[in-house]
Amino acid sequence: MKFKSDFLQTLDERGLIHQGTNLEGLDQRLAAGVVTGYIGFDATARSLHAGSLIQIMLLHWLAETGHRPIALMGGGTTKVGDPTGRDQSRALLTDSEIDANIRSIKGAFERFLNFGAGGAIMANNDDWLSRLSYVEFLRDYGSLFTINRMLTFDSVKLRLERESPMTFLEFNYMLMQAYDFHELHRRHGCALQMGGSDQWGNIVNGVELCRRKDGAEVFGLTTPLLTTASGKKMGKTESGAVWLNADMTSAYDYWQYWRNTGDADVGAMLARFTKLPMAEVSRLAALGGAEINEAKKILATEATALLHGRPAAEEAAETARRTFEEGASASGLPTMTVSRAELDAGLPLFRAFAETGLIASNGEGRRHITAGAIRVNDVPRTHENPLTTDELVDGAIKLSVGRKKHALVRAI
RNA sequence: GGAGGGGUGGGAGAGUGGCUAAAUCCAGCAGACUGUAAAUCUGCCCGCUUCGGCGUACGGUGGUUCGAAUCCACCCCCCUCCA
């Protein structure tokens, strides 16, 4: 499909479009002038993770192509809990937890969007959802939704089929999300809601609500569900989610996450999570054999630069180069510091490994020793004797678990 | 309110008095092979341990028993049907 608008053209060639309510109409609207579009984000955790990145890129491209993005924080909807894709209710968060999460999440957006006069907008649906009065809302909006229709949504069907309870509270989530669109349309002239393909039903509801309430045509657009070629969900690794907040996932770890992309996914990842021109993306993705590693490094550096800034990305790349290609200790690795005296006295081996996050328990450490996975200064460690001053190399001791996880102990 | 079914480790799901820290599968970790890839094979996968063990754990609390995830009582929660 060929689009006239830069926005849809860009999204299309980067593989970011799954489906739209009226792509042709949206294309025309985008080509004719500035369109305001939004994406809603849950506030269930202190940080968004890599799975949300595709949505953030969408907002980013919307701004890049001359339009106005709104990042909608789900302060109100998080109080209810999105049942989409969940076969069980989730625990409810308190208001203060949600507020704290929103504050913590904001930072990541500032890397991708320019907020402020004339720029991107950050909104919080708690501002309007919490003010709705029940009876009024039911009369004005509840009357526009039929249970018959709501029961056909996948999010509801899943629960019914699994005989897993869905509370009335959760059942209302879709009304609230639809109302968000309507509210943003009124407040900001917002005419586009985007989201992951799992949000399709919720988005369509919002589009319909705007038409019924305001007689306005607004649009919905979804992205493909992000999975790797082997079918795994994006943004999860062995050690849990890949967070966007630097204090939860360091720039180095973030870089490593992208560096470890499977061969088959490199092209798609470059297109979706970097801003490299598509010609360059195609060239890199076409590299074969070991050469594709170069493409992965570029992917890692570009993706990390978008979130953590170019200096941090290059530092991560350099740390990785020294660690993996030269087998040296590099200062950018996760580091713990101990006093000289403590090291003189002997630093318990597993304490060092645990504090640098390489192992979760002593038992795990012992297992790793048995398996030959523990190395100190790149020498396999077959015993659990403490670390000592003698093992310092250039002021640090390098700890490794397996071939990918490294850290430093530094004496001060 | 009544009748029946159910609540087991990150998830799914066996087990129905000792052989059970609990089958199996998925997820995860490590080793081998490689290219910090994929696939495959192998080992591991509650915590602590002076490696002898110890402590926790099968919704909760009590009880029976030499011994309980398994039996009993009460309670909590979920599901189905009936009212």
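- B:C54: Watson-Crick or G-U partner is B:G47, with both key distances under 3.5 Å.
- Comparing B:G53 with B:A21, their P atoms are spaced 13 Å from each other, to the whole Å.
- Pairing for B:C25 is with B:G11, a Watson-Crick or G-U wobble pair whose two hydrogen-bonding atom distances lie under 3.5 Å.
- Looking at A:Arg410, its side chain never comes within 3.5 Å of a backbone N or O of A:Thr335 through a donor-acceptor pair.
- Using N1 to N3 plus N6-O4 or O6-N4 for Watson-Crick, or N1-O2 and O6-N3 for G-U wobble, each under 3.5 Å, B:G4 pairs with B:C79.
- Heavy-atom neighbours of A:Arg340 CZ from other residues, nucleotides or ligands within 6.0 Å: at or below the threshold of 12.
- Distance check on atom P: B:U8 versus B:A23 gives 15 Å, rounded to whole Å.
- Straight-line distance from the CG atom of A:Asn293 to the C1' atom of B:U36: 7 Å, rounded to whole Å.
- Between A:Asp378 atom CG and B:U36 atom P the separation is 14 Å, expressed in whole Å.
- Between the side chain of A:Arg111 and the backbone N or O of A:Leu307 there is at least one donor-acceptor pair closer than 3.5 Å.
- B:G18 sits 11 Å from B:U70 when the P atoms are compared, rounded to a whole Å.
- A gap of 33 Å separates the P atoms of B:U16 and B:C82, to the nearest Å.
- Between B:A69 and B:G9, the two C1' atoms lie 12 Å apart (nearest whole Å).
- With B:U36, B:A30, B:G35 as the choices, the nucleotide that has an atom nearest any side-chain atom of A:Trp255 turns out to be B:U36.
- Distance CZ (A:Phe350) to C1' (B:U49): 12 Å, rounded to an integer number of Å.
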Would you sort out whether A:His182 and A:Tyr141 count as a ring-ring contact (aromatic ring centres under 6.0 Å, His included), showing the intermediate values?
-> CA-CA 11 Å; A:His182 165 68; A:Tyr141 297 93; 5.3 Å; yes
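- Using atom C1' as the reference point in both B:U56 and B:G5, the two lie 31 Å apart (nearest Å).
- Atoms CD1 (A:Ile369) and C1' (B:C44) sit 15 Å apart, rounded to a whole Å.
- The phosphate of B:G43 has neither OP1 nor OP2 within less than 4.0 Å of any side-chain N or O from A:Thr370.
- Nucleotide B:G52 carries a syn base; the chi torsion (O4'-C1'-N9-C4 or O4'-C1'-N1-C2) is within 90° of 0.
- Of the side-chain N and O atoms in A:Arg321, none sit less than 4.0 angstrom from OP1 or OP2 of B:U36.
- Comparing the C1' positions of B:U64 and B:G31 gives an interatomic distance of 49 Å, to the nearest angstrom.
- Heavy-atom nearest nucleotides on RNA chain B were determined for A:Ser361 and for A:Ala373, and the one closer to the 5' end corresponds to A:Ala373.
- Nearest to the side chain of A:Asn260, among B:A30, B:U36, B:G35, sits B:U36.
- An OP1 or OP2 oxygen of B:A37 is reached within less than 4.0 angstrom by a side-chain nitrogen or oxygen of A:Lys404.
- Searching all strands for a Watson-Crick or G-U wobble partner of B:G18 with both distances below 3.5 Å returns B:C66.
- What separates CD1 of A:Ile359 from C1' of B:C48 is a distance of 13 Å, to the nearest Å.
- Comment: A:Arg186 does not engage A:Glu183 in a salt bridge, judged by the lack of any side-chain N to carboxylate O separation of less than 4.0 angstrom.
- Looking at heavy-atom distances under 4.0 Å, A:Asn362 makes contact with sugar-phosphate atoms alone, never a base.
- Along RNA chain B, the nucleotide nearest to A:Lys297 and the one nearest to A:His368 differ in position, and the one closer to the 5' end is contacted by A:His368.
- The side chain of A:Arg366 contributes no N or O atom lying less than 4.0 Å from OP1 or OP2 of B:C45.
- Nucleotides B:G15 and B:U24 are separated by 14 Å at their P atoms, to the nearest Å.
- As a whole-Å value, the separation of A:Leu287 CG from B:G35 C1' is 13 Å.
- In this entry the distance linking CG of A:Leu284 with C1' of B:A37 reads 16 Å, nearest Å.
- Taking the six-membered ring for Trp and the full ring otherwise, A:Phe353 and A:His368 have centroids separated by 6.0 Å or more.
- No donor-acceptor pair closer than 3.5 Å links the side chain of A:Arg14 to the backbone N or O of A:Arg272.
- Look at B:A30: its Watson-Crick or wobble partner, with both distances under 3.5 angstrom, is B:U42.
- Taking every side-chain heavy atom of A:Gln256 into account, B:U36 is the closest of B:G31, B:G35, B:U36.
- Atom C1' of nucleotide B:A37 and atom OH of A:Tyr257 are separated by 14 Å, given to the nearest angstrom.
- Counting any heavy atom pair closer than 4.0 Å across all strands shown, A:Arg259 reaches a base atom.
- Among the protein residues, A:Ala360 comes within range of no part of the nucleic acid, since none of its heavy atoms lies under 4.0 Å from any strand.
- Looking at A:Arg310 and A:Glu302, a side-chain N of the basic residue comes within less than 4.0 Å of a carboxylate O on the acidic one, giving a salt bridge.
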